[in-house]
Amino acid sequence: MRYELVVFDNDGVLVDSEPLSNTLLAGYLTELGHPTSYEDSLRDYMGAALHRVHDVVYERTGERLPADFDDVFHERVFSAFERELQPVPGVVEVLEKLTADGVPYCVASSGSHQRIRVGHRTAGLDRWFGEERVFSSEDVGRGKPAPDLFLYAAERMGVAPEKCVVIEDSPLGVRAAVAAGMAVYGFTAMTPAEKLRGADRLFGDMRELAGLLA
């Protein structure tokens, strides 16, 4: 394979969590007096760490979100995950192929370690991702679109950035991968292709990925 490390985003790439989490985020922000539609949430926050939500709301309104915002939101998200979360169709086959071929892979997510773990356990992906393969924006100072998280994951996995490929479904994630000097394949199942400009390749079905990486 042309790459020595495959770096997966988590939400929307490994687990089908974006519809759930963005519906909940839009609803919670609206409750707090910051009217937000599902489409608004996807546009402004998909692929980002929660600190971006705080930053954007403050920039637009001059108001701070409640101190317990993150805790309340995570409680709602985890509860929904336990009831409804599924793996992205086709991703198990991709992981099986990478494992069989001995290709190193990891996850680098804007979500917290707890969110990643809850999602993987519920979706049945935890057996594919030991602690040494899981990286979160909690591990670095800045989340996507900064390149820090992807660079950190590559360093910990012992692979040079230019030998990595990132699998992303958000504009922020594509920007981060490009800034890190990594190849990036844009997953268009939920995101229009034109919003993933900068990706080296685009694909809409996770079942295609193994062939694209060969």
Side-chain angles (χ1 to χ4, degrees), residues 5-29 38 41-42 44-54 68-99 104-140 143-144 148-150 152-153 156-157 166-174 176-177 184-191 205-207 209:
L5 176 66
V6 181
V7 183
F8 290 97
D9 176 43
N10 188 55
D11 294 291
V13 172
L14 294 176
V15 293
D16 193 18
S17 53
E18 293 290 10
L20 288 173
S21 59
N22 281 283
T23 297
L24 291 168
L25 180 57
Y28 188 25
L29 288 172
Y38 173 71
S41 185
L42 288 177
D44 295 337
Y45 307 121
M46 182 175 168
L50 267 184
H51 67 75
R52 178 176 169 84
V53 181
H54 291 263
D68 65 349
F69 178 87
D70 291 14
D71 291 338
V72 172
F73 178 63
H74 281 138
E75 182 177 345
R76 295 183 184 191
V77 167
F78 296 162
S79 178
F81 280 7
E82 295 284 3
R83 296 190 307 270
E84 305 176 52
L85 193 63
Q86 297 292 324
V88 167
V91 79
V92 169
E93 291 85 346
V94 172
L95 294 171
E96 288 175 340
K97 183 70 165 66
L98 292 176
T99 300
Y105 64 87
C106 65
V107 58
S109 172
S110 292
S112 66
H113 278 281
Q114 184 181 13
R115 175 175 171 142
I116 297 167
R117 282 296 170 210
V118 169
H120 284 190
R121 184 176 68 248
T122 305
L125 297 182
D126 49 339
R127 67 192 179 102
W128 300 102
F129 290 93
E131 290 295 335
E132 74 282 358
R133 295 182 189 267
V134 178
F135 306 101
S136 160
S137 61
E138 291 181 322
D139 300 326
V140 296
K144 305 169 190 177
D148 305 38
L149 175 57
F150 289 141
Y152 176 75
R156 290 292 301 272
M157 295 294 291
V166 176
I167 315 303
E168 264 289 354
D169 71 333
S170 76
L172 292 175
V174 169
V184 55
Y185 287 12
F187 183 44
T188 62
M190 275 196 60
T191 308
D205 188 327
M206 190 56 68
R207 297 171 186 87
L209 182 58

Original post:
Heavy-atom distance under 4.5 Å between the side chains of Arg156 and Cys106, does that happen here?
Top reply: no
Original post:
To the nearest 0.5 Å, what is the distance between CG (Leu20) and CZ (Phe81)?
Top reply: 6.5 Å
**OP:** For the residue pair Tyr28 and Phe69, categorise the inter-ring angle as parallel (less than 30°), tilted (30 to 60°) or perpendicular (more than 60°).
**Re:** parallel
**OP:** Please report the closest heavy-atom contact between Leu149 and Ala108, naming both atoms and the distance.
**Re:** CD2-C, 3.7 Å
Original post:
Got a second to check how far His120's NE2 is from Arg127's CZ, nearest 0.5 Å?
Top reply: 13.0 Å
Subject >> Glu18 side chain reached by Asp169 side chain, heavy atoms, under 4.5 Å >> reply: yes
Original post:
Looking only at side chains, do Asp139 and His113 share a donor and an acceptor under 3.5 Å apart?
Top reply: yes
**OP:** Keeping to residues at least two apart or across chains, list the salt bridge (Lys or Arg N to Asp or Glu O under 4.0 Å) pairs with something in residues 75-85.
**Re:** Glu31-Arg76, Glu82-Arg121
**OP:** Nearest 0.5 Å please: distance from the CG atom of Asp126 over to the CZ atom of Arg117.
**Re:** 7.5 Å
Subject >> Passing candidate, side-chain hydrogen bond (donor to acceptor under 3.5 Å, both in side chains) with Ser17, options Asp11, Asn22, Thr122 >> reply: Asp11
**OP:** Search all heavy atoms of Val184 against all heavy atoms of Ala177 and return the closest pair with its distance.
**Re:** CB-CB, 3.7 Å
Original post:
Between Phe135 and Phe150, does the ring centre distance come in under 6.0 Å?
Top reply: no
Original post:
Could you state the interatomic distance from CG (Leu29) to OG (Ser41), rounded to the nearest 0.5 Å?
Top reply: 7.0 Å
Original post:
What closest approach, in Å, do Leu209 and Val94 show between heavy atoms, and which atom pair accounts for it?
Top reply: CD2-CG1, 4.0 Å
Subject >> Minimum heavy-atom distance between Gly111 and Ser136, given as atom pair plus value >> reply: O-OG, 2.6 Å
Original post:
Mind checking whether Leu14 and Trp128 have side chains closer than 4.5 Å, heavy atoms only?
Top reply: no
**OP:** Check whether any side-chain heavy atom of Leu125 sits under 4.5 Å from a side-chain heavy atom of Val92, and report yes or no.
**Re:** yes
Original post:
What is the minimum heavy-atom distance between Pro89 and Met206, and which atoms define it?
Top reply: O-CB, 3.3 Å
Subject >> For Pro19, all residues meeting side-chain contact (heavy atoms from CB on, under 4.5 Å), sequence neighbours excluded >> reply: Asp16, Tyr38, Met190
Original post:
Does some side-chain heavy atom of Leu95 sit less than 4.5 Å from a side-chain heavy atom of Phe8?
Top reply: yes
Subject >> Derivation and outcome, side-chain contact (heavy atoms from CB on, under 4.5 Å), residues Lys144 and Asp9 >> reply: CA-CA 11 Å; Lys144 305 169 190 177; Asp9 176 43; 3.0 Å; yes
Subject >> Whether Arg115 side chain and His74 backbone form a donor-acceptor pair below 3.5 Å >> reply: no
Original post:
What's the verdict on side-chain contact (heavy atoms from CB on, under 4.5 Å) for Val15 and Asn10, showing C-alpha distance, side-chain angles and the deciding distance?
Top reply: CA-CA 6 Å; Val15 293; Asn10 188 55; 3.8 Å; yes
**OP:** Over all heavy atoms of both residues, which pair between Tyr45 and Arg52 is shortest? Give the atoms and the distance, please.
**Re:** CE2-O, 4.1 Å
Original post:
So, do Thr191 and Ser170 sit near enough that their side-chain heavy atoms are less than 4.5 Å apart?
Top reply: no
